[in-house]
There are 2 protein chains.
Amino acid sequence: MDIEQTKIPQATAKRLPLYYRFLNNLHTQGKLRVSSKELSDAVKVDSATIRRDFSYFGALGKKGYGYNVEYLLSFFRKTLDQDETTRVALIGVGNLGTAFLNYNFTKNNNTKIEIAFDANDERVGSEVGGVGVEHINDLEEKLGDISVAILTVPSSAAQGIADRLVNAGISGILNFTPARISVPSNVRVHHIDLAIELQALVYFLKHYPLNEGEVEEDQ
Amino acid sequence: MDIEQTKIPQATAKRLPLYYRFLNNLHTQGKLRVSSKELSDAVKVDSATIRRDFSYFGALGKKGYGYNVEYLLSFFRKTLDQDETTRVALIGVGNLGTAFLNYNFTKNNNTKIEIAFDANDERVGSEVGGVGVEHINDLEEKLGDISVAILTVPSSAAQGIADRLVNAGISGILNFTPARISVPSNVRVHHIDLAIELQALVYFLKHYPLNEGEVEEDQ
DNA sequence: CGGAAGTCGTTAAAGATTTCACATACTTCA
DNA sequence: TGAAGTATGTGAAATCTTTAACGACTTCCG
Ligand SMILES: NC(=O)c1ccc[n+]([C@@H]2O[C@H](COP(=O)([O-])OP(=O)(O)OC[C@H]3O[C@@H](n4cnc5c(N)ncnc54)[C@H](O)[C@@H]3O)[C@@H](O)[C@H]2O)c1
Ligand SMILES: NC(=O)c1ccc[n+]([C@@H]2O[C@H](COP(=O)([O-])OP(=O)(O)OC[C@H]3O[C@@H](n4cnc5c(N)ncnc54)[C@H](O)[C@@H]3O)[C@@H](O)[C@H]2O)c1
């Protein structure tokens, strides 16, 4: 496998799944070629940034032509490991957890929520979105070799569950609780803090007024 | 009002709500003072970054002492406009929309979802999490002067609804759909793309192995 | 009261990311 | 075939962000 491809910048890495998705759309639409400019319009990322991002992987395009959609797509499919499915566990089948289970990130995706856990006896044993809900007491026993977890428990339970996940050998946690959890340095946590996202948007609206001439930016 | 406080960096602005929340926690716990180091441990942001962030607002702390929790909190309350509630509309009362309505970002927050819209006649007229659901046809009529919208409709409907929101005078959209919507330059859109967040986490896990000695980072 | 310990605010350095701008090479079409 | 057009890949510059380091001042405690 392509080990150590001389470190892609993090900012680039975060955009890769986005590129991949739009490339997929183009492919489905039957498009054969695409320029960085077109892609830029679609994903709202500066075209120079896109070219730079792609260039980290070598020369994927052709001057005067652009990029071959099929080739680019198959390249990213490999790069993003789209062929092997990553199995995911979800902890906390409440409002948010239920939404995720019903959605299950199914479309053009290499991840699948395979098992869910909850502390509420009424939920345990049921199925949500085709995923069975187990009791949190059985976490260690039933997690198996799943290495990624989505955390949607009440924030008061977050650190405790995180500790247990770490003990059970998890590698990555997508944390939706407002709690900033502590984990050993070999475990990766991404926080998605929805309340903060909303507050930040409100703050930007009040303090960074956009002019009729500026271009809006995301995230 | 504190107009033009000589532009806070965006990276700092995004952390303010996080600081505010933890300050609030400390205050509730009865803590009187806090150092940048303590805060750093709690929010997982480097202490130098925290001091730098605070310094954009002037000298809020005292050398050798730290920060007075009450003072800092009340300062941020003003800065983040925590006293005036921002009214928010939610479009698309499906899996995700329902979760948000039930949650409603109630705790220590200056935002409130006041009205929801959906196209499904069965949902219209009902209440979810105490918020009435209106028909999407009545969007323009019932939106009033609400300036922020959360978009949780199917991605195929996203651009169309966004256009209508813009026409109805919206200023900011928190977009949860995978569609990258186009809006005039005076409207701000923040994308929260959950599928991409999950894929990015998986990518990082495979390609950026963490060593036992490194410290994990978020987002 | 005085010295040790603690902590800020900031200068400066380092690091990361974006953007510009253009030489280069391919495509297209007459 | 050759001229005009197009769009990449990248060096260099600009911008933004983080981190280290430390002087200045405060608190703490014997
Ligand atoms: N719902 C939202 O829109 C929203 C928005 C922002 C943040 N969040 C955060 O996401 C998290 C979940 O929110 P929610 O609205 O889904 O809450 P919820 O109360 O609806 O769901 C939490 C679920 O976790 C289960 N649970 C509780 N303790 C547990 C434990 N120890 N082990 C396993 N399961 C346990 C509960 O039985 C419940 O089903 C919370 O931390 C919340 O702050 C939610
Ligand atoms: N649920 C998730 O976990 C999840 C995860 C990632 C992304 N998303 C994205 O979030 C969006 C919503 O997801 P969901 O799972 O809640 O979908 P959903 O199908 O459960 O909900 C969509 C809702 O929008 C309503 N709707 C459809 N067309 C409308 C229109 N024109 N105007 C107003 N309302 C309309 C539907 O009646 C439905 O209630 C989708 O774009 C999805 O891709 C969802």
Side-chain angles (χ1 to χ4, degrees), chain A residues 5-16 18-19 23 26 31-69 71-72 75-76 200 204 207-208 213-219, chain B residues 5-16 18-19 23 26 31-69 71-72 75-76 200 204 207-208 213-219:
Chain A
Q5 53 209 310
T6 51
K7 273 305 172 44
I8 304 309
Q10 299 227 355
T12 296
K14 284 198 216 165
R15 284 187 290 265
L16 296 183
L18 183 62
Y19 296 147
L23 248 15
L26 291 179
K31 283 210 72 171
L32 298 179
R33 59 185 270 190
V34 65
S35 69
S36 61
K37 183 64 179 50
E38 283 174 278
L39 217 40
S40 171
D41 291 342
V43 301
K44 317 284 185 204
V45 171
D46 187 272
S47 68
T49 300
I50 292 178
R51 290 200 301 281
R52 167 84 58 207
D53 283 348
F54 288 2
S55 79
Y56 291 117
F57 297 97
L60 301 178
K62 237 191 280 187
K63 300 191 179 185
Y65 177 88
Y67 302 89
N68 178 297
V69 172
Y71 175 73
L72 202 51
F75 180 85
F76 277 126
F204 278 114
H207 297 270
Y208 294 69
E214 273 177 41
V215 175
E216 96 289 351
E217 211 30 63
D218 68 347
Q219 252 288 336
Chain B
Q5 52 209 314
T6 50
K7 274 301 173 48
I8 304 307
Q10 298 226 356
T12 296
K14 285 199 217 163
R15 284 187 290 263
L16 296 183
L18 182 62
Y19 295 147
L23 249 12
L26 292 178
K31 284 210 72 170
L32 298 180
R33 59 183 271 194
V34 65
S35 68
S36 60
K37 183 63 177 55
E38 282 174 277
L39 216 40
S40 170
D41 291 342
V43 300
K44 318 284 185 203
V45 170
D46 187 273
S47 69
T49 300
I50 292 178
R51 291 200 300 283
R52 159 89 57 222
D53 283 347
F54 288 1
S55 79
Y56 290 117
F57 298 96
L60 302 178
K62 235 192 281 187
K63 301 188 178 189
Y65 176 87
Y67 301 90
N68 179 298
V69 172
Y71 175 72
L72 202 51
F75 181 86
F76 277 126
F204 278 113
H207 297 270
Y208 294 70
E214 275 178 37
V215 175
E216 96 290 351
E217 212 30 66
D218 68 345
Q219 252 289 332

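Here is the naming used below: chain letters follow the sequence lines, and residue numbers restart at 1 for every chain.
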Measure the CG-CG distance between A/Leu16 and A/Leu23 for me, rounded to the nearest 0.5 Å.
11.0 Å
[X] side-chain N/O to [N] phosphate OP1/OP2 under 4.0 Å:
{"X": "A/Ser36", "N": "D/dT8", "value": "yes"}
{"X": "A/Arg52", "N": "C/dA16", "value": "no"}
{"X": "A/Tyr67", "N": "D/dG9", "value": "yes"}

B/Tyr67 versus B/Arg51, closest heavy-atom pair with distance:
OH-CG, 3.8 Å
Of all the choices, [options], which nucleotide is nearest to the side chain of [X] once you look at every atom?
{"X": "B/Arg15", "options": "D/dT10, C/dT17, D/dT18", "value": "D/dT18"}
{"X": "A/Gln10", "options": "D/dT27, C/dA21, C/dT17", "value": "C/dT17"}
{"X": "B/Ser35", "options": "C/dT17, C/dC8, D/dT18", "value": "C/dC8"}
{"X": "B/Asp46", "options": "D/dT17, C/dC22, D/dT19", "value": "D/dT19"}

I need the [atom1]-[atom2] distance between [X] and [N], as an integer number of Å.
{"X": "A/Asn68", "N": "D/dT8", "atom1": "CG", "atom2": "P", "result": "13 Å"}
{"X": "B/Lys14", "N": "D/dT18", "atom1": "NZ", "atom2": "C1'", "result": "15 Å"}
{"X": "A/Leu72", "N": "D/dT8", "atom1": "CG", "atom2": "P", "result": "11 Å"}
{"X": "B/Ile50", "N": "D/dA20", "atom1": "CD1", "atom2": "P", "result": "14 Å"}
{"X": "A/Tyr65", "N": "D/dG9", "atom1": "OH", "atom2": "P", "result": "13 Å"}
{"X": "A/Lys63", "N": "D/dA7", "atom1": "NZ", "atom2": "P", "result": "14 Å"}
{"X": "A/Arg51", "N": "D/dT6", "atom1": "CZ", "atom2": "P", "result": "15 Å"}
{"X": "B/Leu32", "N": "D/dT27", "atom1": "CG", "atom2": "C1'", "result": "15 Å"}

May I ask you to verify whether the side chain of A/Arg33 and the base of C/dT27 hold a donor-acceptor pair under 3.5 Å?
no
Would you call the rings of A/Phe57 and A/Phe75 parallel, tilted or perpendicular if under 30° counts as parallel and over 60° as perpendicular?
perpendicular
Under 4.0 Å, counting only non-hydrogen atoms across every strand here, what does B/Phe54 touch: a base, just sugar-phosphate, or nothing?
nothing
Comparing nearest nucleotides in DNA chain C, the 5'-proximal residue of the pair A/Ala11, A/Lys62 is A/Ala11
Do A/Leu26 and A/Glu38 touch side chain to side chain, with heavy atoms closer than 4.5 Å?
no
Walk me through whether B/His207 and A/Ile8 qualify under side-chain contact (heavy atoms from CB on, under 4.5 Å).
CA-CA 9 Å; B/His207 297 270; A/Ile8 304 309; over 6 Å; no
